[in-house]
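Each remark here refers to the structure printed beneath this line.
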Amino acid sequence: MLSKSQLHFLRSLHLKKFRKEHQLFIAEGIKSITEFIRSSYAIETIYYTPPFAVQIEKLSPKINKSLIDETDLQKISALKTPQGILATIKMPISEVPDMTLLQNKFSIVLDNIQDPGNMGTIIRTADWFGIHQIICSNDTVEAYNPKVVQATMGSLAHVAVYYLDLDRWLPEADMPQYAAMLGGRSIYDTPFGTSGLLIMGNEGHGVRAQLLTKDVQHVTIPKFGEAESLNVAQATAIFCSEIKRNTRNF
């Protein structure tokens, strides 16, 4: 049984303020937690209910483990229907991405993405297409928000997410840059090449004007039907698919 102080601490990690203070975040579900265990992330503690006892006890003794009951899990879970297992995980040290890691490949840039579901889906999409770097504006939703972590389905363990001042960083990034924009060149007629930055904008307002320097190419997904718009996560998936198809032709 968890103490009142333990319950209070774990519930506090649902809030960004305390995640930042303690440099910890929560992941739930055996699939996500397994992916983090296999990655470079450091697991602090795994809290599990009896049905997971056999699986958890096989893990490295270096990982802290705590058997709890369903009542305590309900109190610390961010889910309406907890999945029987929850882990606290240490956040990686936040740094400016090394430009050498971005060369000869595509990375995604997110400008003021607000919806946790969209953010999580974009991370999962990046993982699917083998894109391992996402650079975010400081006002983009936090990657360690429980709803984001859940939506990634473990893919956050494979994708590095950075937060920085895009107004300063993008002009200094010596790489081809493509912004998703209405009225831009068709995605199907754009020669993407083998490397670059794909810039996706806010759900309602798109990419901010100050990021659209003269060297940024405007690219759009042509509309063939009657839908008013595409969800930013859907649009990112289409862009990633076309970029990868284009890259394979080189």
Decide side chain to side chain contact (heavy atoms under 4.5 Å, CB included) for Glu57 and Tyr48; before the verdict, give the C-alpha distance in whole Å, the side-chain angles of both, and the deciding distance to 0.1 Å. CA-CA 10 Å; Glu57 292 306 320; Tyr48 64 99; 2.5 Å; yes
How close do [X] and [Y] get, counting heavy atoms only, and between which atoms?
X	Y	value
Pro171	Leu166	CD-O, 3.7 Å
Ala78	Glu28	N-OE2, 2.9 Å
Gly201	Val232	O-CG2, 3.6 Å
Ala151	Gly120	CB-CA, 3.7 Å
Gly193	Phe106	O-CE1, 3.7 Å
Cys240	Ile131	SG-CD1, 3.7 Å

Passes side chain to side chain contact (heavy atoms under 4.5 Å, CB included), Tyr162 versus Cys136? Steps please. CA-CA 6 Å; Tyr162 304 92; Cys136 305; over 6 Å; no
Please write out which residues are connected to Ile76 in a hydrophobic cluster, directly or through intermediates, given that two of Ile, Leu, Val, Met, Phe, Trp, Tyr count as joined at side-chain heavy-atom separations below 4.5 angstrom.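 Leu2, Leu7, Phe9, Leu10, Leu13, Leu24, Ile26, Tyr47, Ile68, Leu73, Leu86, all in the cluster of Ile76.
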Looking at [Y], is its backbone amide N or carbonyl O close enough to the side chain of [X] to form a donor-acceptor pair, meaning the two atoms are under 3.5 Å apart?
X	Y	answer
Asp72	Met1	no
Lys4	His8	no
Thr140	Ile113	yes
Ser241	Ile238	no
Gln6	Ser3	yes
Tyr163	Ala143	yes
Lys223	Ile221	no
Thr49	Gly84	yes
Arg185	Asp189	yes

Any salt bridge between [X] and [Y], counting N to O under 4.0 Å?
X	Y	value
Asp115	Lys147	no
Glu142	Lys20	no
Asp127	Arg124	no
Arg168	Glu172	no

Could you tell me which residues satisfy salt bridge (Lys or Arg N to Asp or Glu O under 4.0 Å) with Glu242, sequence neighbours excluded, listed by chain and number? Arg245
Step through the shown structure and confirm whether more than 12 heavy atoms of other residues, nucleotides or ligands are within 6.0 Å of CG on Asp98. yes
So does Lys16 have more than 12 non-hydrogen atoms from other groups sitting under 6.0 Å from NZ?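 Open.
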Please test His218 against Leu182 for side chain to side chain contact (heavy atoms under 4.5 Å, CB included), starting from the C-alpha separation and ending with a verdict. CA-CA 8 Å; His218 296 197; Leu182 292 174; over 6 Å; no
How long is the gap from [atom1] on [X] to [atom2] on [Y], to the nearest 0.5 Å?
X	Y	atom1	atom2	result
Asn104	Ser195	CG	OG	6.0 Å
Leu102	Leu197	CG	CG	6.5 Å
Gln177	Thr213	CD	OG1	5.5 Å
Ser229	Gln234	OG	CD	8.5 Å
Gln133	Ile108	CD	CD1	10.5 Å
Gln83	Lys31	CD	NZ	12.0 Å

Shared hydrophobic cluster, [X] / [Y] (ILVMFWY, side-chain heavy atoms < 4.5 Å):
X	Y	value
Leu170	Met200	no
Tyr178	Val207	no
Val219	Met181	no
Val109	Ile243	no
Ile199	Ile122	no

Tested for side-chain hydrogen bond (donor to acceptor under 3.5 Å, both in side chains) against Arg208, the lone hit among Asn112, Asp139, Asp167 is Asp167
Could you tell me whether the side chain of [Y] reaches within less than 4.5 Å of the side chain of [X], counting heavy atoms only?
X	Y	result
Thr220	Ile187	no
Pro97	Leu164	yes
Arg19	Pro146	yes
Met119	Leu110	yes
Phe52	Leu67	no
Lys65	Leu59	yes
Ser107	Ile135	yes
Met175	Met99	yes

Do we see a donor-acceptor contact under 3.5 Å between the side chains of Ser32 and Gln150?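 Note: Ser32 and Gln150 side chains miss the donor-acceptor criterion.
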Exercise: do Glu44 and Asn64 side chains pair donor with acceptor under 3.5 Å: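 There is no such pair (donor and acceptor under 3.5 Å, judged by atom type) between the side chains of Glu44 and Asn64.
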Report the C-alpha distance between Asp165 and Asn138 in whole Å, list the side-chain angles of each, state the deciding distance to 0.1 Å, and finish with yes or no for side chain to side chain donor-acceptor pair (under 3.5 Å). CA-CA 6 Å; Asp165 184 349; Asn138 286 319; 5.7 Å; no
Show your working on side chain to side chain donor-acceptor pair (under 3.5 Å) between Gln114 and Asn202 and close with a plain yes or no. CA-CA 7 Å; Gln114 293 297 297; Asn202 172 268; 5.9 Å; no
Test ring-ring contact (aromatic ring centres under 6.0 Å, His included) on Phe36 and Phe25 and set out the steps. CA-CA 12 Å; Phe36 282 112; Phe25 68 97; 5.5 Å; yes
After noting the C-alpha distance and the side-chain angles of Ile46 and Ile37, does the key distance pass the side chain to side chain contact (heavy atoms under 4.5 Å, CB included) rule? CA-CA 10 Å; Ile46 296 177; Ile37 291 172; 4.0 Å; yes
Plane angle bin for Phe239 and Phe192 - parallel if under 30°, tilted between 30 and 60°, otherwise perpendicular: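 The arrangement is perpendicular - the two ring planes meet at more than 60°.
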